[in-house]
Amino acid sequence: MRTQPISLRQLNALDQVYFIAALDSLFEGPPWIVTQTWHTRPFSDISQLHQALCDTLDHAPLAAQVALIQAHPDLVGRAALAGTLTPSSTNEQASAGLDHLSQDEIATFTRLNQRYAERFGFPFVICARENKKESILAGFASRLDNPREREIEIALGEIARICWYRLIDTVQA
């Protein structure tokens, strides 16, 4: 993960290897979205870059989309409790207040994560920067009854929101 933001001008000038390295924190898992989006340069602004990344995601095969969702860590899951999340995920979960939970709250998240994963085959994804513990728990409750296709759609939308925040942390306008 970059510590200093890169300018859009610099980003547009990068070869594919450095472009991928500069944007490696935008998505969980392999960098296939960033890799494919490199070919659509140059970008006139961050919004256009974000839209290009989302277009790549939207036009991907369902299996690739589901694999991307599956690459996301559980909220308050093993990786979070062990301190092995990516820096981006750690900061995002902390911004939602998920780093200061009681044992009972951790048990609730564990139970909901398991129930959700058993039902859909992937972890519950929500943009933690836009939520707090209570709204995340409400999200579990409201989304557990959705059909799988709807949950894939919602998860991809949440991933696009997560990407936006990570992008504005990474690239200067």
Side-chain angles (χ1 to χ4, degrees), residues 1 20 23-37 47 49-170:
M1 184 165 120
I20 293 165
L23 301 179
D24 68 349
S25 67
L26 298 184
F27 297 96
E28 301 291 332
W32 61 269
I33 298 169
V34 173
T35 301
Q36 292 177 29
T37 303
S47 293
L49 170 55
H50 182 253
Q51 186 59 56
L53 292 161
C54 291
D55 288 347
T56 300
L57 175 57
D58 292 343
H59 292 100
L62 179 62
Q65 292 174 333
V66 171
L68 175 67
I69 299 166
Q70 290 170 332
H72 275 259
D74 283 334
L75 294 169
V76 194
R78 277 184 232 147
L81 298 173
T84 59
L85 289 174
T86 65
S88 294
S89 290
T90 298
N91 291 337
E92 289 157 359
Q93 289 199 28
S95 75
L98 302 183
D99 58 337
H100 291 89
L101 299 177
S102 70
Q103 288 302 316
D104 286 344
E105 290 169 325
I106 291 170
T108 297
F109 271 93
T110 300
R111 187 180 81 264
L112 290 169
N113 282 328
Q114 182 176 356
R115 188 168 161 218
Y116 186 93
E118 287 171 356
R119 173 146 168 66
F120 298 111
F122 47 80
F124 179 81
V125 178
I126 193 166
C127 183
R129 288 197 199 187
E130 294 180 353
N131 289 278
K132 295 295 181 205
K133 171 184 60 178
E134 296 77 15
S135 59
I136 293 170
L137 291 170
F140 271 111
S142 68
R143 289 172 50 186
L144 271 164
D145 290 329
N146 284 338
R148 187 171 193 268
E149 296 76 22
R150 178 69 180 129
E151 272 309 295
I152 291 170
E153 181 183 319
I154 291 170
L156 294 174
E158 293 296 319
I159 289 169
R161 297 170 85 84
I162 294 165
C163 172
W164 172 253
Y165 287 107
R166 291 179 179 185
L167 188 61
I168 60 175
D169 290 344
T170 305

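Nothing here was measured: the structure is a model prediction, and the numbers come from that model. Numbers here simply count residues along the sequence, with the first being 1. FYI, side chains are in, hydrogens and waters are out, and symmetry mates aren't considered; it's all heavy atoms of this structure.
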From [X] [atom1] over to [Y] [atom2], what is the distance, rounded to the nearest 0.5 angstrom?
{"X": "Glu92", "Y": "Ile162", "atom1": "CD", "atom2": "CD1", "result": "6.0 Å"}
{"X": "Asn113", "Y": "Glu118", "atom1": "CG", "atom2": "CD", "result": "11.0 Å"}
{"X": "Leu68", "Y": "Ile152", "atom1": "CG", "atom2": "CD1", "result": "11.5 Å"}
{"X": "Ile168", "Y": "Leu49", "atom1": "CD1", "atom2": "CG", "result": "12.5 Å"}
{"X": "Ile154", "Y": "Asn146", "atom1": "CD1", "atom2": "CG", "result": "4.5 Å"}
{"X": "Gln36", "Y": "Asp55", "atom1": "CD", "atom2": "CG", "result": "12.0 Å"}

Check whether any side-chain heavy atom of [X] lies under 4.5 Å from a side-chain heavy atom of [Y], and answer yes or no.
{"X": "Leu57", "Y": "Trp32", "value": "yes"}
{"X": "Phe120", "Y": "Arg143", "value": "no"}
{"X": "Leu26", "Y": "Ile33", "value": "no"}
{"X": "Phe124", "Y": "Arg119", "value": "no"}
{"X": "Thr108", "Y": "Leu101", "value": "no"}
{"X": "Arg166", "Y": "Asn91", "value": "no"}
{"X": "Leu53", "Y": "Val34", "value": "yes"}

Side chain to side chain contact (heavy atoms under 4.5 Å, CB included) assessment of Leu23 paired with Thr37 = CA-CA 11 Å; Leu23 301 179; Thr37 303; over 6 Å; no
Test Arg78 against Asp74 for side chain to side chain contact (heavy atoms under 4.5 Å, CB included), laying out the working first.
-> CA-CA 8 Å; Arg78 277 184 232 147; Asp74 283 334; over 6 Å; no
Residues Arg150 and Glu153 bridged, charged N to O under 4.0 Å | yes
Determine the interplanar angle of the Phe109 and Phe140 rings, folded into 0 to 90°, and report it as parallel if under 30°, tilted if 30 to 60°, perpendicular if over 60°.
-> perpendicular
Nearest atoms (heavy-atom pairs only) where [X] meets [Y]:
{"X": "Leu167", "Y": "His50", "answer": "CD2-CB, 3.7 Å"}
{"X": "Ile126", "Y": "Ile136", "answer": "CG2-CG1, 4.0 Å"}
{"X": "Glu28", "Y": "Ala71", "answer": "CB-O, 3.7 Å"}

Candidate pair Glu151 and Ile69, rule side chain to side chain contact (heavy atoms under 4.5 Å, CB included), full reasoning = CA-CA 10 Å; Glu151 272 309 295; Ile69 299 166; over 6 Å; no
Begin from the C-alpha positions of Leu144 and Leu112 and carry the test side chain to side chain contact (heavy atoms under 4.5 Å, CB included) through to its verdict.
-> CA-CA 9 Å; Leu144 271 164; Leu112 290 169; 4.3 Å; yes
Sub-3.5 Å donor-acceptor pair from the side chain of Gln93 to the main-chain atoms of Ala128, do we have one?
->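 Checking the backbone N and O of Ala128 against the side chain of Gln93, no donor-acceptor pair under 3.5 Å is found.
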Could you list all the side chain to side chain donor-acceptor pair (under 3.5 Å) pairs where at least one residue sits in residues 127-139, not counting sequence neighbours?
->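 Sorted result for residues 127-139: Glu105-Lys133, Arg129-Asp169, Glu130-Arg161, Glu130-Tyr165, Asn131-Ser135.
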